[in-house]
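Positions are given from 1 along the sequence.
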Amino acid sequence: MIDPGFTTPGMAEVFSADQRVYWFMYVEGALASAQAELGLIPQAAADQINMAVVEHHPNPEGLLLDGWDAGTPVLPLLDYLRDLLPEEARPWLHYRATTQDIVDNATLLQLQSTVAILHPQALGIGLALVDAIRDFGDAPMMTRSLLQPAEPSLFCLRAAHWLSPFATAMNQLVHLQYPVQLGGPIGDQLDIDPALTRKLAEHLGFTPVHLAWHTDRMPLITIVHTFHRLVRAAAKIASDLVFMAQSGEATMRSGGSTAMPHKRNPIDAIRCLAAAAAFDGAASIVTSARPHELERSAGSWHAEWFAIPLIAQTASAALESLSRALAHLTIVPTNIDVPDNRREAARRVADLAVRNFDDREFDEL
C-alpha cells in the first residue's frame with residue numbers, strides 16, 4: 001500500500017486494480033463498437049462484446065498478476081472475456097489490435113480521470129491565493145534574497161509570484177491533449193482503416209492522430225511535464241510557507257512533536273513538499289527513461305505502469321495538502337516601514353497576477 005500522505009482517496013480509486021482492468025475492458029468495447037460502425041466486424045459481435053465488458057471482473061489483482069506470467073495483462077483479460085462470449089463473437093474480440101493499443105488508451109483514460117481530480121484541487125488553490133492577496137496583501141513584509149533580508153515590501157508581492165506560475169500551470173492542465181493509440185502489432189497500421197482511428201478516438205473522447213505512438217512517448221511525457229509544472233508551483237508555495245512559519249511571518253494549522261511539545265510544525269506545507277519530492281522521483285521514470293527501442297519497448301514501457309499511478313497520486317497529495325495549508329493561513333504583519341513606491345509596485349504586480357488569473361477560463365475542462 002502507498003502511505004496515505006502521498007495519495008488522496010479519489011486518486012487511489014482511479015488507480016486501483018479494479019479501475020485499471022475496467023478501463024482495459026472499456027477500450028475493448030469501444031474498439032468493437034467503432035469497428036462495427038464501420039462494417040469491419042458484425043454489429044451483433046460488437047453488441048455481445050460490449051455486454052461482456054460491463055461485467056465486473058471478480059479478481060482484478062489476480063488478472064494483473066497473471067499478466068506477468070502470460071506476457072501481457074491483456075492476455076488473461078481476453079481469456080476471461082472469451083469465456084463470456086458466444087462462439088461466433090470470439091474472433092472479433094480485440095480484432096487487429098495489440099496489447100499496447102489497449103493499455104495506452106486505458107492509461108490515457110485514467111489520466112483524464114486524474115485531471116478531473118487535479119483540476120478542482122488546483123482551482124481551489126488559485127482562488128485561495130487570490131483571497132490571500134485580498135485579505136493580507138497590504139501586510140508589510142521583508143523580502144529575502146539568498147535567504148538574507150533584502151528590501152521591505154508587501155505580502156501581495158510574494159503571493160503574486162506564487163499565483164502567476166500556478167495559473168500558467170493550470171492553463172496547461174486544462175488544454176492537455178489525449179491522442180488515441182491504435183497501431184496494431186508493429187505500429188504500421190497495416191490492417192487498420194484510418195477511419196477506424198478517428199472513430200475510436202471519437203468513442204474514447206481522444207484526439208485522432210495519423211500514426212501510432214508506441215515508441216514515441218512524448219504524449220505521455222507532455223502530460224507528466226504538465227503535472228510537474230503544477231506540482232513544482234505548489235511546492236514553491238509550500239517551501240515559502242515553511243520559511244515564513246519559521247520566521248514568524250505566517251501561521252497555519254500546526255502539527256505537534258513527540259519530544260518538543262512547544263513546536264508548531266506547518267505539517268500541511270511539509271506534506272506538500274514530501275509529496276512533491278516523491279512526485280519528482282516517480283516522474284523521472286517516465287521523463288528520463290531511455291528511448292523506447294525499435295517498434296516496441298522492452299521494459300521502459302512496462303515501467304510506466306508503476307510510475308504513472310505514483311505520479312498522479314503524489315500530485316494530488318501535494319495539491320490537497322497545500323490547499324489545507326492555505327485554508328488556515330494567517331499573515332503576521334512585520335513592523336517595518338515600506339516606502340510608498342515599493343507599496344505601489346507590489347500592488348501593481350499583485351493586481352496584474354490577479355487579473356491574469358481571473359481572465360483565464362479555468363472553471364471548465
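- Looking at every heavy atom in both residues, A275 comes nearest to A317 through CB-CB, 4.0 Å.
- Applying the 4.5 Å side-chain rule to ILVMFWY residues, one finds F6, I285, F306, L310 in the same cluster as I2.
- Y26 and Y22 have tilted rings, their planes meeting at an angle from 30° to 60° on a 0 to 90° scale.
- Under a hydrophobic clustering in which Ile, Leu, Val, Met, Phe, Trp and Tyr are joined whenever their side-chain heavy atoms come within less than 4.5 Å, directly or via other members, L319 and M252 fall into the same cluster.
- In plain terms, the two heavy atoms of A89 and I49 that are nearest each other are O-CD1, 4.4 Å.
- Below 30°, between 30° and 60°, or above 60°: for H302 and W305 the angle between ring planes is between 30° and 60°, a tilted geometry.
- Here the closest heavy-atom approach between residue L322 and residue A238 is recorded as CD1-N, 4.2 Å.
- In this structure S16 satisfies the side-chain hydrogen bond (donor to acceptor under 3.5 Å, both in side chains) test with no other residue, sequence neighbours excluded.
- Side chain of Q189 to backbone of L182: a donor-acceptor contact under 3.5 angstrom is found.
- No more than 12 heavy-atom neighbours from other residues, nucleotides or ligands sit within 6.0 angstrom of CZ on R232.
- D3 contributes atom CG, which lies 11.5 Å from atom CD of Q313 (distance to the nearest 0.5 angstrom).
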Exercise for the section: Run the numbers on F357 and L129 for side-chain contact (heavy atoms from CB on, under 4.5 Å), then give the verdict. Expected result: CA-CA 10 Å; F357 179 82; L129 291 173; over 6 Å; no
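- Each of T222, L118, T314, I308 was evaluated against F227; a single residue qualifies, L118, per the side chain to side chain contact (heavy atoms under 4.5 Å, CB included) test.
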Show me the donor-acceptor pairs, under 3.5 Å and distance only, between side chains in residues 136-151 and residues at least two apart or in other chains.
unit_1: D138; atom_1: OD1; unit_2: R347; atom_2: NE; d: 3.0
unit_1: D138; atom_1: OD1; unit_2: R347; atom_2: NH2; d: 3.4
unit_1: T143; atom_1: OG1; unit_2: E151; atom_2: N; d: 3.0
unit_1: T143; atom_1: OG1; unit_2: E151; atom_2: O; d: 2.6
unit_1: R144; atom_1: NH1; unit_2: M142; atom_2: O; d: 2.8

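- F24 contributes atom CZ, which lies 11.5 Å from atom NE2 of H57 (distance to the nearest 0.5 angstrom).
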Exercise for the section: Decide yes or no on salt bridge (Lys or Arg N to Asp or Glu O under 4.0 Å) for D79 and R82, but give the supporting numbers first. Expected result: CA-CA 5 Å; D79 289 340; R82 287 190 186 103; 3.7 Å; yes
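- Between E295 and D188 there is no side-chain heavy-atom pair separated by less than 4.5 Å.
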Exercise for the section: List the steps, then state whether side chain to side chain donor-acceptor pair (under 3.5 Å) holds for E249 with S247. Expected result: CA-CA 6 Å; E249 295 173 323; S247 65; 3.1 Å; yes
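- Side chains of Y178 and I223 form a contact here, defined as non-hydrogen atoms less than 4.5 Å apart.
- For the atom pair NE2 of H94 and OG1 of T99, the computed distance is 5.0 Å after rounding to the nearest 0.5 Å.
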Exercise for the section: Take L63 and L77 through the side-chain contact (heavy atoms from CB on, under 4.5 Å) test and state the conclusion after the steps. Expected result: CA-CA 7 Å; L63 183 145; L77 174 65; 3.9 Å; yes
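- Listed for the T114 side chain is a donor-acceptor partner under 3.5 Å among the backbone atoms of Q110.
- Taking CE of M51 as the reference point, atom CG of L84 lies at 10.0 Å (rounded to 0.5 Å).
- Nearest approach of V27 to A106, heavy atoms of both residues: CG2-N, 3.8 Å.
- Side-chain contact, N50 with S33: a donor N or O sits under 3.5 Å from an acceptor N or O.
- Distance OG/S297 to CD/Q100: 8.0 Å, rounded to 0.5 Å.
- Looking at E61, its side chain never comes within 3.5 Å of a backbone N or O of A17 through a donor-acceptor pair.
- Cluster membership for L75 and Y80, using ILVMFWY side-chain heavy atoms within less than 4.5 angstrom, is not shared.
- The shortest heavy-atom contact between S300 and H292 is CB-NE2, 3.4 Å.
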Practice task
With side-chain contact (heavy atoms from CB on, under 4.5 Å) as the test, would you mind laying out the steps for V54 and M25 before giving the verdict?
Solution key: CA-CA 8 Å; V54 299; M25 297 168 76; over 6 Å; no
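- Under the 4.5 Å side-chain criterion, counting only non-hydrogen atoms from C-beta, Q181 is not in contact with T107.
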Can I get a per-line list of side-chain donor-acceptor pairs under 3.5 Å for residues 121-128, giving both atom names and the distance, sequence neighbours left out?
unit_1: Q121; atom_1: OE1; unit_2: S316; atom_2: OG; d: 3.1
unit_1: Q121; atom_1: NE2; unit_2: S316; atom_2: O; d: 3.3
unit_1: Q121; atom_1: NE2; unit_2: S316; atom_2: OG; d: 3.1

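- One N or O on the side chain of Q35 and one on the backbone of Y95 form a donor-acceptor pair closer than 3.5 Å.
- A centroid separation of less than 6.0 Å is found between the aromatic rings of F155 and W162.
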What donor-acceptor contacts under 3.5 angstrom involve side-chain atoms of residues 327-344, with partners at least two apart or in another chain?
unit_1: H328; atom_1: ND1; unit_2: R324; atom_2: O; d: 3.0
unit_1: R343; atom_1: NE; unit_2: V338; atom_2: O; d: 3.2

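- The NE2 atom of H161 sits 9.0 Å away from atom NZ of K236, with the distance rounded to the nearest 0.5 Å.
- Under the 4.5 Å side-chain contact rule for hydrophobic residues, L38 and L93 share a cluster.
- Using a 4.5 Å cut-off on side-chain heavy atoms (C-beta onward), V174 and V115 make no contact.
- Counting heavy atoms from C-beta outward, R296 and T98 have side chains that approach closer than 4.5 Å.
- Cluster membership check: I133 does not share its hydrophobic cluster with L154, using side-chain heavy-atom separations under 4.5 Å among Ile, Leu, Val, Met, Phe, Trp and Tyr.
- A continuous path of hydrophobic side-chain contacts links L326 to L163 [ILVMFWY only; heavy atoms under 4.5 Å].
- Side-chain atoms of R271 come within 3.5 Å of backbone N or O of G5 as a donor-acceptor pair.
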Exercise answer: donor-acceptor pairs, residues 197-217 side-chain atoms, under 3.5 Å, sequence neighbours excluded:
unit_1: K199; atom_1: NZ; unit_2: E37; atom_2: OE1; d: 3.3
unit_1: H203; atom_1: NE2; unit_2: E37; atom_2: OE2; d: 2.8
unit_1: T207; atom_1: OG1; unit_2: Q177; atom_2: OE1; d: 2.8
unit_1: W213; atom_1: NE1; unit_2: P179; atom_2: O; d: 3.2
unit_1: W213; atom_1: NE1; unit_2: V180; atom_2: O; d: 3.1
unit_1: H214; atom_1: NE2; unit_2: D101; atom_2: OD1; d: 2.8
unit_1: T215; atom_1: OG1; unit_2: L294; atom_2: O; d: 3.4
unit_1: D216; atom_1: OD1; unit_2: M218; atom_2: N; d: 3.3
unit_1: R217; atom_1: NE; unit_2: E304; atom_2: OE2; d: 3.0
unit_1: R217; atom_1: NH1; unit_2: D104; atom_2: OD2; d: 3.0
unit_1: R217; atom_1: NH1; unit_2: W213; atom_2: O; d: 3.2
unit_1: R217; atom_1: NH1; unit_2: H214; atom_2: O; d: 3.1
unit_1: R217; atom_1: NH2; unit_2: D104; atom_2: OD1; d: 3.1
unit_1: R217; atom_1: NH2; unit_2: D104; atom_2: OD2; d: 3.4
unit_1: R217; atom_1: NH2; unit_2: E304; atom_2: OE1; d: 2.8

